[in-house]
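Below is one structure; the comments refer to it alone.
Quick caveat: nothing in here was measured; it's all calculated off a predicted structure.
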Amino acid sequence: MTMMGMELLIANLMSPLVLAFLLGVIATLVKSELAFPEGVLKFMSVYLLFAIGLKGGHELSQVSFAEISGALMITVALVIFIPAFCFVVLRRLGSLSIENAAGVAAHYGSVSSVTFFAALAFAKAMNAPPEGFMPALVALMEWGVVVALFIARWQLA
């Protein structure tokens with residue numbers, strides 16, 4: 001492994017996201033009762049939603065529709081395709097119930113904000129920052145949950 005690769009590995013392993021994950025793994029292994037109060041969890045959730053929305057909205061206002069139209073169309077296509085594809089595969093090959101197939105499809109149709117923030121940190125560490133409007137597309141990806149629920153309701157009707 002090159003020196004740059006080793007530095008990148010160390011930077012990633014020492015990031016707050018990875019360290020928080022590691023703390024959770026260790027707490028689970030030692031059967032700790034480590035827990036955040038519910039108020040803190042609610043605050044963190046609201047803070048993340050606002051941060052993504054405000055950052056994405058601000059950056060989105062800085063670009064023209066023509067600049068983001070391609071990424072927007074691909075995102076909308078993925079929001080529809082991923083949950084629909086997962087649902088069909090899970091129903092036919094996995095023999096899951098409509099409810100369970102829709103639940104798993106919603107999971108895969110959505111995007112993990114933590115994974116997104118880890119990818120942002122990695123891209124910045126590589127001196128390749130992504131377009132500023134990416135948080136807006138991440139927020140749009142959350143509609144994958146709605147698509148999966150719509151599919152389940154349509155199947156149950």
Side-chain angles (χ1 to χ4, degrees), residues 12 15-25 27-29 31 33-126 128-157:
N12 279 320
S15 74
L17 291 171
V18 173
L19 292 174
F21 178 77
L22 185 61
L23 175 63
V25 169
T28 301
L29 290 175
K31 299 184 187 330
E33 294 184 23
L34 177 67
F36 288 109
E38 189 165 331
V40 172
L41 293 175
K42 285 183 182 179
F43 172 77
M44 289 170 53
S45 297
V46 170
Y47 173 77
L48 280 175
L49 290 172
F50 271 109
I52 291 170
L54 290 174
K55 174 91 172 139
H58 177 267
E59 294 297 331
L60 193 57
S61 70
Q62 306 297 315
V63 297
S64 70
F65 182 75
E67 290 178 76
I68 65 161
S69 60
L72 188 61
M73 287 189 306
I74 290 170
T75 302
V76 169
L78 289 172
V79 163
I80 295 167
F81 175 76
I82 293 172
F85 177 78
C86 288
F87 182 83
V88 169
V89 167
L90 292 166
R91 287 286 291 150
R92 293 205 177 136
L93 298 179
S95 300
L96 292 182
S97 68
I98 291 172
E99 295 85 358
N100 287 327
V104 175
H107 174 76
Y108 284 103
S110 178
V111 67
S112 167
S113 296
V114 173
T115 303
F116 174 69
F117 285 122
L120 279 181
F122 180 75
K124 287 178 185 174
M126 296 297 297
E131 296 290 339
F133 57 80
M134 292 304 287
L137 297 180
V138 168
L140 182 60
M141 287 294 293
E142 292 302 325
W143 279 87
V145 174
V146 175
V147 170
L149 293 174
F150 176 77
I151 293 169
R153 185 173 178 106
W154 177 64
Q155 289 288 307
L156 289 169

Do you know the tightest heavy-atom contact between [X] and [Y]?
X	Y	answer
Pro130	Met134	CB-CG, 4.0 Å
Pro83	Ala105	O-CB, 3.4 Å
Glu99	Leu156	OE2-CD2, 3.8 Å

Those residues that, when tested against Ser110, pass side chain to side chain contact (heavy atoms under 4.5 Å, CB included) (two or more places apart):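 Once residues adjacent in sequence are excluded, the partners of Ser110 under the side chain to side chain contact (heavy atoms under 4.5 Å, CB included) criterion are Glu142, Val145.
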Test of understanding: with ring pair (Phe, Tyr, Trp, His ring centres under 6.0 Å), list the residues that count as partners of Phe85, not counting sequence neighbours.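 In terms of ring pair (Phe, Tyr, Trp, His ring centres under 6.0 Å), with neighbours along the sequence ignored, Phe85 is linked to Phe81.
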Residues two or more places apart in sequence or in another chain: which of them pass ring pair (Phe, Tyr, Trp, His ring centres under 6.0 Å) with Phe21?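 Phe21 satisfies ring pair (Phe, Tyr, Trp, His ring centres under 6.0 Å) with no other residue.
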When Thr75 is tested against each of Leu140, Ile80, Val138 for side-chain contact (heavy atoms from CB on, under 4.5 Å), which residue passes?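 When Leu140, Ile80, Val138 are each tested with Thr75, the side-chain contact (heavy atoms from CB on, under 4.5 Å) holds only for Leu140.
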I'd like to check [X] versus [Y] (side-chain heavy atoms, cut-off strictly below 4.5 Å). Are they in contact?
X	Y	value
Asn100	Val104	no
Val147	Ile82	no
Val40	Met44	yes
Phe133	Leu72	no
Phe87	Gln155	yes

Would you say Gln62 has more than 12 foreign heavy atoms packed within less than 6.0 Å of its CD?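 Yes, CD of Gln62 has more than 12 neighbouring heavy atoms, counting only those of other groups under 6.0 Å.
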Check this for me: Phe116, atom CZ, are more than 12 non-hydrogen atoms of other residues, nucleotides or ligands nearer than 6.0 Å?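 Yes.
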